Amino acid sequence: HFNSLVTAVNWKVSHLQTADTLVKSGKSYLPSNIVADCIMQKLKTKFTILDTSASAVVVGDDRFVLSVAAKLALAGFSDIYISLKNEKSFLSIEKKLKQFIFNLKLNFVKLNELTQVQSSSSLLVSNLSEKTHAEAYESLTYFNFLAHSAIFVDMNSLKNSSLIEEAKRA
């Protein structure tokens with residue numbers, strides 16, 4: 001029943017093999033990656049200058065990281081730190097992204113090793129929650145891998161603003 005309601009997918013959803021939203025289009029639904037698009041649109045609207053020459057850090061679950069890293073790479077970031085639970089997931093993400101984005105440097109960081117990143121990144125995007133990844137969430141609070149003027153996007157700040165408050169003090 002459901003297959004007849006889903007239309008052909010766009011190239012990004014097809015290549016990344018992930019979607020976070022179904023958008024109604026007439027009588028059918030179109031899978032899409034709305035979250036990453038919304039993050040990038042908000043960044044473009046709120047910040048006139050986005051330093052894509054510095055690295056970016058994306059932290060969270062596999063599908064979120066894949067979608068956001070792809071969007072950042074397409075926006076001009078060529079050096080991206082990806083923090084996930086395991087390296088196997090990273091290797092899958094790396095393979096998918098490098099098939100259609102050239103000159104992309106992807107760096108794997110375990111969730112519990114974020115404080116060891118030797119970079120001064122201009123952007124951090126995270127969907128970690130304190131409940132699901134307590135140790136990694138705690139390591140984010142140091143913000144030692146971000147430049148002083150870095151931008152921090154926290155997809156869980158409506159539920160818990162403590163990380164945002166810590167970022168303001170950092």
Side-chain angles (χ1 to χ4, degrees), residues 12-13 16-21 31-47 50-52 54-97 101 104-170:
K12 188 168 70 170
V13 171
L16 298 178
Q17 298 175 334
T18 187
D20 54 36
T21 308
S32 188
N33 286 303
I34 299 294
V35 172
D37 292 341
C38 290
I39 290 170
M40 186 51 67
Q41 183 60 38
K42 188 65 174 177
L43 289 172
K44 287 179 181 178
T45 303
K46 190 159 173 105
F47 303 98
L50 191 58
D51 185 7
T52 59
S55 61
V57 179
V58 185
V59 182
D61 63 71
D62 297 2
R63 292 181 178 162
F64 173 81
V65 168
L66 173 60
S67 180
V68 171
K71 193 68 177 180
L72 293 178
L74 291 170
F77 282 92
S78 60
D79 187 9
I80 302 174
Y81 286 84
I82 293 179
S83 186
L84 301 161
K85 275 186 180 179
N86 65 63
E87 193 167 5
K88 183 179 178 183
S89 296
F90 167 76
L91 294 173
S92 173
I93 289 171
E94 181 180 44
K95 181 179 178 184
K96 286 179 183 179
L97 293 180
I101 302 172
L104 181 61
K105 181 181 176 192
L106 296 174
N107 312 283
F108 173 67
V109 181
K110 288 184 182 176
L111 282 175
N112 60 351
E113 296 177 355
L114 281 166
T115 57
Q116 297 175 19
V117 172
Q118 300 295 315
S119 177
S120 188
S121 301
S122 65
L123 176 65
L124 167 62
V125 182
S126 170
N127 78 339
L128 282 186
S129 73
E130 191 172 18
K131 291 179 183 177
T132 58
H133 301 290
E135 187 179 349
Y137 190 86
E138 176 67 27
S139 69
L140 275 179
T141 64
Y142 292 100
F143 295 103
N144 61 318
F145 49 86
L146 294 178
H148 181 66
S149 60
I151 300 166
F152 173 43
V153 179
D154 181 16
M155 298 304 293
N156 286 308
S157 60
L158 285 178
K159 297 174 191 169
N160 182 353
S161 64
S162 63
L163 204 51
I164 294 291
E165 295 304 319
E166 189 63 38
K168 289 177 183 178
R169 288 189 290 271

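Everything numeric here is computed off the predicted structure, so don't read it as measured data.
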Problem set entry | Derivation of the side-chain contact (heavy atoms from CB on, under 4.5 Å) call for L111 and L128 | CA-CA 10 Å; L111 282 175; L128 282 186; 4.1 Å; yes
For this session: Report the C-alpha distance between L16 and L97 in whole Å, list the side-chain angles of each, state the deciding distance to 0.1 Å, and finish with yes or no for side-chain contact (heavy atoms from CB on, under 4.5 Å).
Result: CA-CA 8 Å; L16 298 178; L97 293 180; 3.9 Å; yes
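Heavy-atom minimum distance, A69 versus I80: O-CD1, 3.7 Å. Here the closest heavy-atom approach between residue I101 and residue A73 is recorded as CD1-CB, 3.5 Å. Closest heavy-atom contact between N107 and K105: OD1-CE, 3.3 Å. Residues S83 and V65 share a closest heavy-atom pair of O-CG2, 4.2 Å. The minimum heavy-atom distance between N156 and S129, with the atom names listed, is ND2-N, 3.6 Å. In terms of heavy atoms, I93 sits closest to D62 at CD1-O, 3.7 Å.
F47 pairs by the ring-ring contact (aromatic ring centres under 6.0 Å, His included) definition with nothing, not counting sequence neighbours. Applying the ring-ring contact (aromatic ring centres under 6.0 Å, His included) rule to F152 yields the partners F143; only residues at least two apart in sequence or on another chain are considered. E130 pairs by the side-chain contact (heavy atoms from CB on, under 4.5 Å) definition with Y137, N160, not counting sequence neighbours. For S92, the side-chain hydrogen bond (donor to acceptor under 3.5 Å, both in side chains) test picks out no residue, with sequence neighbours left out. Considering only residues two or more places apart in sequence or on other chains, F90 meets the ring-ring contact (aromatic ring centres under 6.0 Å, His included) condition with F108. Residues satisfying the side-chain hydrogen bond (donor to acceptor under 3.5 Å, both in side chains) test with D154, not counting sequence neighbours, are none. Under the side-chain contact (heavy atoms from CB on, under 4.5 Å) criterion, E138 pairs with T141, Y142, sequence neighbours left out. Here S120 pairs with A147 under the side-chain contact (heavy atoms from CB on, under 4.5 Å) rule; sequence neighbours left out.
The distance from the CG atom of L123 to the CG atom of L50 is 6.0 Å, given to the nearest 0.5 Å. For the atom pair CG of L84 and NZ of K110, the computed distance is 12.0 Å after rounding to the nearest 0.5 Å.
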What pairs of donor and acceptor atoms, side-chain ones from residues 31-42 against any protein atom, are under 3.5 angstrom apart with sequence neighbours left out?
residue, atom, partner, partner atom, Å
N33, ND2, T18, O, 3.3
D37, OD1, K12, NZ, 3.1
D37, OD1, K71, NZ, 2.9
Q41, NE2, T45, OG1, 3.3

Side-chain donor/acceptor pairs under 3.5 Å, residues 54-61, sequence neighbours excluded:
residue, atom, partner, partner atom, Å
S55, OG, S119, OG, 2.7
S55, OG, S121, OG, 2.6
D61, OD1, R63, N, 3.4
D61, OD1, F64, N, 3.0
D61, OD2, N127, ND2, 2.6

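At least one donor-acceptor pair under 3.5 Å links the side chain of Q118 to the backbone N or O of Q116.
Within the structure, no pair that satisfies the salt bridge (charged side-chain N to carboxylate O under 4.0 Å, His left out) test touches residues 79-93, not counting sequence neighbours. The ring-ring contact (aromatic ring centres under 6.0 Å, His included) analysis of residues 65-88, with sequence neighbours excluded, yields no pairs.
Side-chain atoms of V153 and V68, non-hydrogen and from C-beta on, never get closer than 4.5 Å to each other.
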